[in-house]
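What you see is a predicted model; the values in this text were computed from it and never measured. In what follows, every chain begins at residue 1, and chains take the letters A, B, ... in the order their sequences are listed.
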Amino acid sequence: MNYLDYLYIVDRGIQGLGFVLIFFFVMIISAIIVRRRDKPFIREIPTYSKLKQSISLAVESGQRLHLSLGSGGINSMQGGSALAGLSLLKRLYRMTYLSDRPPVATSGEGTIGILSRDSIRSVYEEVGVMEEYEPTTGQVSGLTPEPYIAGTLLVILDQHVSTNILMGNYNSGIALLADAGERRGCLTVAGSDNITAQAVGYVFTEDLLVGEELFASGAYIQPSTMHVASLHTQDFFRWGIVAVILVAGALKLAGVM
Amino acid sequence: MSVFDLNNLDLLGAILSFGLTLIILSFIFGDNLLFRFAIHVFVGVTAGYVAVMTWYNVLLPEIVVPLIGGSQAERFYSLLVLVLSSFLFMKAFPRLSGWGNPVVAYLVGVGTATVIGGAVLGTLFPQVLASINLFDIPGLFEKSSPVWMQISNAVVILVGTISVLIFFHFGARSNHGSHPERAAWISAVAWMGQIFISITFGVLFAGVYIASMTAFAERMTFSANFILLLFRP
Amino acid sequence: MRQLKTSIVVAIAVITGIIVLVGYFIELPVLKNLRIMLLHFAVILIAVTLIVGVVNLVQVHWKKIQNRQSGGVYSLILLISLLVTIIVVGYFGPTSTPSLWIFSNIQIPIASSLIAVLTVVLIYTGIRLLKRGFNFFSLLFMVTVLIVILGTVSFQGFRIPGLRELSTWITQVPAVGGARGILLGVALGTIATGMRVLMGSDRPYGR
Amino acid sequence: MSNDIKPNSGTSPENGKEFEKSGEVQKSTTGQSFQDSSSDNETGQEKKTPDWLDDAIPDEKTSDNVAEKSLMQDFHEDVEESADDPSDREVEEKDLPEPVKGEQEEDTIEVQAGPLVGVEGVLPVELDPFFIHEPVRRSIKLQVTKAQETQALLLDQMIKGEIESQPEVTQSKAVSNNILRIGIAIFLLVSILLPLSTRLPVTITPPVSRDSVSANQLIESISDGATVLLTVDYEPGLSAEMDAALASVVDRMMMKDFYLVLVSTVPTGPVQAERLLVLLNQRGGYQYESSKNYTNLGYMPGGPIGLLNFAEAPRQVMPYDLDGNAVWYSPPLQTISSISDFHLVVVATENPDRARSWVEQVQPKLGNTPIIMVVSRQAEPLVRPYYGSEPSQIQGLVSGFGGGAFYLSSNAQAGSSSMYWSSINLALIAGGLLMLIGAVMYTGKSLITRKPE
């Protein structure tokens, strides 16, 4: 058993806690730095630009948007992708609450479903047009991934959707949603934390969020110091990991460790 | 075996199963009423299952049973859970929705901590170690395949891991108000990362294709056998 | 007042999160028991969210029926099948013969047939992938797909030498490298997202 | 009107000024724009730095540093639930430079009167009072911001939408696409039914994979009658593939008379597991009975939380089986107090996320207990990095239908894995062929039509 394994087994907990604490402090330092800067220095992700573009187009032409929040639960990071979708939902409604065809949001999990309804309702409250509020615009369309895909399929086919925004946790069934969108001739923008779904989405749309990109949604959809700071923190540890792998790997190859 | 050898329930099941298969497959030809019917049944039945499983596995043993026949402490705990659950239920009703937030916050807090811990100890540390140990020379000699091949494979895996990691790099610089862009050399490594991502996605897509083809073949052979069964004396 | 409410809700998320996280790494008996209790409560409450989901589903479809919206009939069908399932599975038990019958003859056929439809959809889009956007990466993607598929099948008299080995190599070497990179990236993203919640920056739990 | 529309154009970082203005002007308008960064409590993703951190960070607001304000705004807005609270609006307005206030009134009037009430972020025009204050860098080539590009494209698409006769085009397209789908389905159907009807043995037994052999050896190395945790974590959709793969493994375990403890994190998992055992009893002639040879603990909610909880305290988390019996006090399970007391853990799933949850939450608590993953082909590439690595997080990997078939051939058991082998192979090759044709066709086409740079 080599030194690294020894470390790995004996002090794993302490190492983990140390890592989390360092992550925390790096995040705060990044936040301070980001706040001093005049704008966020982050690369452009075309999918997010395309997303904004398609939303603007749909809003302008008065067509209906469908926002699918996936079947991830609020209690896991699978919900993280749904939360990215939720943050989008309220903005969509602020833009379209007076439209004849307000966006429709579907989710595959109880809490996310309720949060989506909360969000929609709050917009109507904000602008005092509660009579326009349709509770069915935020709906749970299935309670496990497969029925969710099936139920959402019908929403896409029924609601004369012009743009499909798939932002949540899916399985390979995401292909059926994208296909239903194509049958109805609508644009699909996809982002999922499930990597299989990403691979399937790859053949359907170029407007796809890959791997880690979905977790960056906060910084792109609604730029804020902490969101941008967390991206810089990820970068910091990304390079840390690369350095550790290269140096330790070289030492191993040289037989030092 | 002929259709007459089946008991009524099995026969009904086979007919139902065959019918539903055809109805769903009819979606290939296009959307239709029967397809919608089947999908709604599917969603309803699964929701029913979810409700019953939750009752049998959680609500009954964790809340109902302790409340009825549990010790003082057990009763207290299940009562506490019951109260928290009722707050959660309020989320379903817009007027009372706010009462559910503390419970949702609790779930989010616990869930977040769990996945952070898992990501650190379950993926980050072991996978970084795995990447380092690719070059464990003594280990390489223990394996059957030639060492040079193992080392070259290790290099490919390492290059893949690192280039894909760098592909996701978010930081960028913008010169004089132009679009923020990554340094040229990072973009070059990212390009290589994209090659590995395309390959990984390709393998994943092929996997999805093979898996779904298994389902297709199973449904087709089932239908064929059922039809043969009908015409068998 | 509202600010106070918000602060309390945030505090709940942050404190429970920190207790569970610290307990994850450090094996203090007191902390461990407290953490197990917190986790256990959470599990029960998550089960309750499933029921809330069912309630939500029923609400949506009940409204459709009430408002005589298009597709109201289907909503009725959904509610009936839900009710029947609850009665049958609830009465006889989840793993009883009637429950197995429903599962084997309704759920499995529909779910697998949907996957069967997916197969056709995958081939359909696979055919048109390079039509949609031809570039080096999509070509590489398609070549990989074909190699893996052809490397999987085994026919009498049909054997392209080295194809299976190539397919296995792609699956076990470059794909592993790529997947590991993605997994590490996703782990970083997960930790960052989680830290924002534990810092009270992201608040995915209502007002 | 142009200005209430404006915020949407501030989506790209280089538009520092628009970006900044977006935050400011929205406060005074009825609706919100896409880029709006106002409070968003219900939707969760609130752009708030924690209050304590906000205090800790030195405030460096400078009136001329425009885009900086935009980011800082996120801080301040979040501290006060700005958009919802009128008093906060006043505070915001006080901070605003004169020109913006002027703009705001205009905005408000425009918005309330204009036809696009509440509809924001469309067709912005670069009219920003902040441009007056700062010199604009000029270059020889035309400077077009991302926002302008976006909006130009938007306008272009809208005009196209007007002049083109879309419906006919899309309809004929849809028909031809449908025909293609149907063609594919028929082609697959024929290739699947061909070997079944002709009964020709078109396929050969696939070679044994090293993974399956090691999984097999692992099971062999465990003494008969061992207690095994078997997780059936797949949904009905892929049960054809997963049943085949798992049946071959469970079949082997039943031969060795293992006591199976069934659990699942999928609501339909317990039924799936029961169904599989019934199938194997019929096919393999076993007499596996509930509580005598196996116990079904049922469904475990909570995803990763549930798994972690179960890994740490299985007895407390799942005290009863599905029939309501307190199983942990019965002989086979008396000795199991923690998850590491099981002799083997077998996880069957089609979902890479679930597989990852098991590896992340449960595997670290397993100690020396080995874990075998039976996964669908669609999850294999994402599970493989955990397998065969050093330290190895998974000790056995049986992957999909093929894996099942390999597994069977490696332990000479005839099972459902080899049932549809011929049909599937032919269908796979048929589908692959179609994709190949498409690839070649469109590659050639694009190479021909591509203009030399």
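Within the 4.5 angstrom heavy-atom criterion, atoms from both the backbone and the side chain of B:Leu165 approach chain A. Residue B:Ser212: no heavy atom, backbone or side chain, is found under 4.5 Å from chain A. With a 4.5 Å cut-off on non-hydrogen atoms, B:Phe35 touches chain A through its side chain but not through its backbone. Of the two parts of A:Ile245, the backbone and the side chain both hold a non-hydrogen atom closer than 4.5 Å to a non-hydrogen atom of chain B. Interface residue B:Val43: backbone and side-chain heavy atoms are both found under 4.5 Å from chain A. Interface remark: B:Leu88 contributes no atoms to any contact with chain A (heavy atom separation under 4.5 Å). For a residue to count as touching a neighbouring chain, one of its non-hydrogen atoms must lie under 4.5 Å from one of that chain's; by this rule B:Ile166 touches chain A with backbone and side chain alike. Neither the backbone nor the side chain of B:Tyr209 comes within contact range of chain A; no heavy atom of the residue lies under 4.5 Å from a heavy atom of that chain. Both the backbone and the side chain of A:Glu146 come within contact range of chain B, with heavy atoms under 4.5 Å apart.
A cation-pi arrangement, defined by a distance under 6.0 Å to the six-membered ring centre and an angle within 45 degrees of its axis, is absent between A:Arg238 and B:Phe168.
Ionic pairing of A:Glu44 and B:Arg182 is not present here: no N-O contact between side-chain nitrogen and carboxylate oxygen is shorter than 4.0 angstrom. A salt bridge between B:Asp31 and A:Arg184 is present, with a side-chain N of the basic residue lying under 4.0 Å from a carboxylate O of the acidic one.
Under 3.5 Å, the side chains of A:His227 and A:Ser224 contain a donor-acceptor pair of N or O atoms.
Heavy atoms of other residues, nucleotides or ligands lying less than 6.0 angstrom from OH of B:Tyr77 number 12 at most.
Checked against the 6.0 Å centroid threshold, B:Phe205 and A:Tyr202 do not count as a close aromatic pair.
Ring planes of B:Phe125 and A:Phe19: perpendicular class, angle over 60° (limits at 30 and 60°). Using the six-membered ring where Trp is involved, A:Trp239 and B:His169 have ring planes that are perpendicular, over 60° apart on the 30 and 60° scheme.
Heavy-atom pairs under 4.5 Å with chain A were tallied for B:Phe42, B:Phe170, B:Phe167; the largest tally goes to B:Phe170. Considering only heavy-atom pairs separated by less than 4.5 Å from chain B, the leading option among A:Thr196, A:Leu157, A:Val200, A:Leu143 is A:Leu157. For chain B, the option among A:Ile45, A:Val210, A:Ile195, A:Asn171 with the highest count of heavy-atom pairs below 4.5 Å is A:Val210.
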